[in-house]
Amino acid sequence: MTTLTIPDHLLALDARDPLAHKRGAFHLPRGVVYLDGNSLGALPRGVPERLARAAQTEWGEALIRSWTAGADAGQDWMALPDRVAAKIARLIGARPHEVAVGDSTSVNTFKVLVAALGVAQPGRRVILTDADNFPTDLYVAQGLNALLGGTLELRRVPADDIEAHLTEDVAALLLTQVDYRTGRKLDLEAITAQARAQGIVTVWDLAHSAGAFPVDLSGAGADFAVGCGYKFLNGGPGAPAFLYAAERHHAAAPVAISGWMGHADPFEMARDFTPAPGARRFVAGTPMVLSLSALDEALDVFADVDLDALRAKSLSLTDTFIDLMEPLAARFPLTLVTPREHARRGSQVSYRHPQAREVMTDLIQAGIIGDYRTPDILRFGFTPLYHSHADVWQAARGVQAVLEARA
Ligand SMILES: *Cc1c(COP(=O)(O)O)cnc(C)c1O
């Protein structure tokens with residue numbers, strides 16, 4: 001793969017890319033085009049040093065004092081979840097006290113579903129969701145229903161039919177904004193507005209949204225949300241997840257896992273749970289300091305990023321990939337399943353191919369790292385912070401080479 005052959009119009013797009021300098025903030029291995037940042041974001045360069053400091057200095061030297069050391073300056077471990085929450089809040093259109101950081105997306109989905117049912121209209125027992133929602137969302141809803149003795153109804157309908165099912169018997173709507181297989185993006189604003197008009201509480205999974213494009217939960221009037229720290233936020237494998245609870249629900253929403261770290265004063269060691277102010281009440285146990293430190297550092301890469309520029313670049317990258325793949329889709333059994341309309345596209349492009357699994361194995365062998373999803377999906381994630389249009393070109397040429405070699 002030689003850079004000399006990259007088309008001029010793509011080089012020109014890279015030359016005027018306002019985010020081009022952000023690539024330097026990441027460690028990207030040589031000889032690889034990494035198109036899986038929607039599953040595990042690349043390593044931000046500042047993270048290893050931060051992890052070393054957290055381990056050697058904060059843990060090794062200061063030991064238990066680090067829980068409170070620097071509390072005046074907001075540097076204490078105890079406040080780390082809140083500091084990270086504030087950084088995520090800007091990316092999702094929330095206020096800092098509406099975001100809680102910790103646990104996994106799955107656990108947070110449980111917490112917000114319980115919270116949502118607790119503030120739902122009395123008597124409503126239906127959770128409406130996308131039949132093809134990410135498995136963990138479906139499983140957590142099933143588990144909650146079992147816990148409640150099967151008194152809920154989990155109503156699963158195709159995503160395209162959701163709006164027709166926003167009826168007055170629905171308690172909560174559980175949706176993932178960007179479909180993990182197809183990359184289809186839902187209109188969060190419109191669906192939230194329609195749901196609210198029916199008295200339905202909304203729960204959004206932003207796993208493939210946060211850090212990929214701007215989200216405006218407050219503007220949309222969304223009720224609850226969850227999302228991942230290790231995808232577009234680049235917080236590292238198993239990074240803590242986040243949850244969002246709109247301020248208007250803080251007083252009434254039940255805290256399903258009412259642990260001591262969500263208590264208003266954990267070291268008062270009181271016998272009864274008194275929730276901390278704001279979403280902090282949803283932080284159940286001791287903050288995962290090492291992984292929070294990595295996520296905290298990773299989020300600093302976003303600090304000066306214009307989220308509209310991020311979205312514009314994401315669309316330019318995915319447009320470019322779709323265009324470059326078009327002649328291949330004519331020659332090989334590739335079917336684009338990602339919407340072409342910008343408003344309906346996240347930051348990934350997916351194709352069906354009858355041998356998708358084998359094709360992706362060959363691609364990864366060739367240094368084009370995307371992923372395969374059952375049953376026949378080739379998935380390519382684009383990360384506007386570290387991809388160039390030249391990368392997109394190399395990826396498409398790599399796909400061409402693999403398909404030609406297999407033919
Ligand atoms: C990746 C992903 C998750 C991951 O959940 P974890 O608990 O972090 O493993 C949840 N929901 C969606 C939609 C995802 O894409």
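These numbers were taken from a predicted model, which means no experiment stands behind them. We number each residue from 1, following the sequence as shown. Atoms within each ligand, like the ligands themselves, are counted from 1 in listed order. Below, all heavy atoms of this structure are taken into account, side chains as well, without hydrogens, waters or symmetry copies.
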| Does the pair R406/E358 count as a salt bridge with the N-to-O cut at 4.0 Å? | no

| About how many Å separate CZ of F232 and CG of L385, when rounded to the nearest 0.5 Å? | 10.0 Å

| Looking only at distance, does Y230 have an N or O less than 3.5 Å from an N or O of ligand 1? | yes

| Is K231 close to ligand 1, meaning an N/O of one under 3.5 Å from an N/O of the other? | yes

| note | atom 7 (O) of ligand 1 sits nearest the protein heavy atom S106 OG, 2.6 Å

| request: Indicate, as side chain, backbone, both or neither, the part of D137 found under 4.0 angstrom from ligand 1 when only non-hydrogen atoms are considered. | output: side chain

| query | Short N/O distance, under 3.5 Å, between T136 and ligand 1? | reply | no

| message | If the cut-off is 4.0 Å to any non-hydrogen atom of D205, which atoms of ligand 1 fall inside it? | response | 10 (C), 11 (N), 12 (C), 13 (C)

| Charged N to carboxylate O below 4.0 Å: is that the case for D187 and R344? | no

| field | Salt bridge K22-D304, side-chain N to carboxylate O under 4.0 Å | value | yes

| request: For ligand 1, note which part of C228 has a heavy atom under 4.0 Å away: side chain, backbone, both or neither. | output: side chain

| request: Using a strict 4.0 Å cut-off to heavy atoms of S104, name the atoms of ligand 1 that fall inside it. | output: 7 (O)

| task | Give the numbers and elements of all ligand 1 atoms closer than 4.0 Å to a heavy atom of T176. | result | 13 (C)

| Shortest protein heavy-atom distance from atom 5 (O) of ligand 1, along with the residue and atom involved | T105 CB, 3.4 Å

| task | Indicate the ring-plane relationship of F321 and F382, choosing parallel, tilted or perpendicular according to the 30° and 60° boundaries. | result | tilted

| field | Presence of salt bridge, E326 and R340, under 4.0 angstrom | value | yes

| Taking 4.0 angstrom as the limit, do R357 and D362 come out as a salt bridge? | no

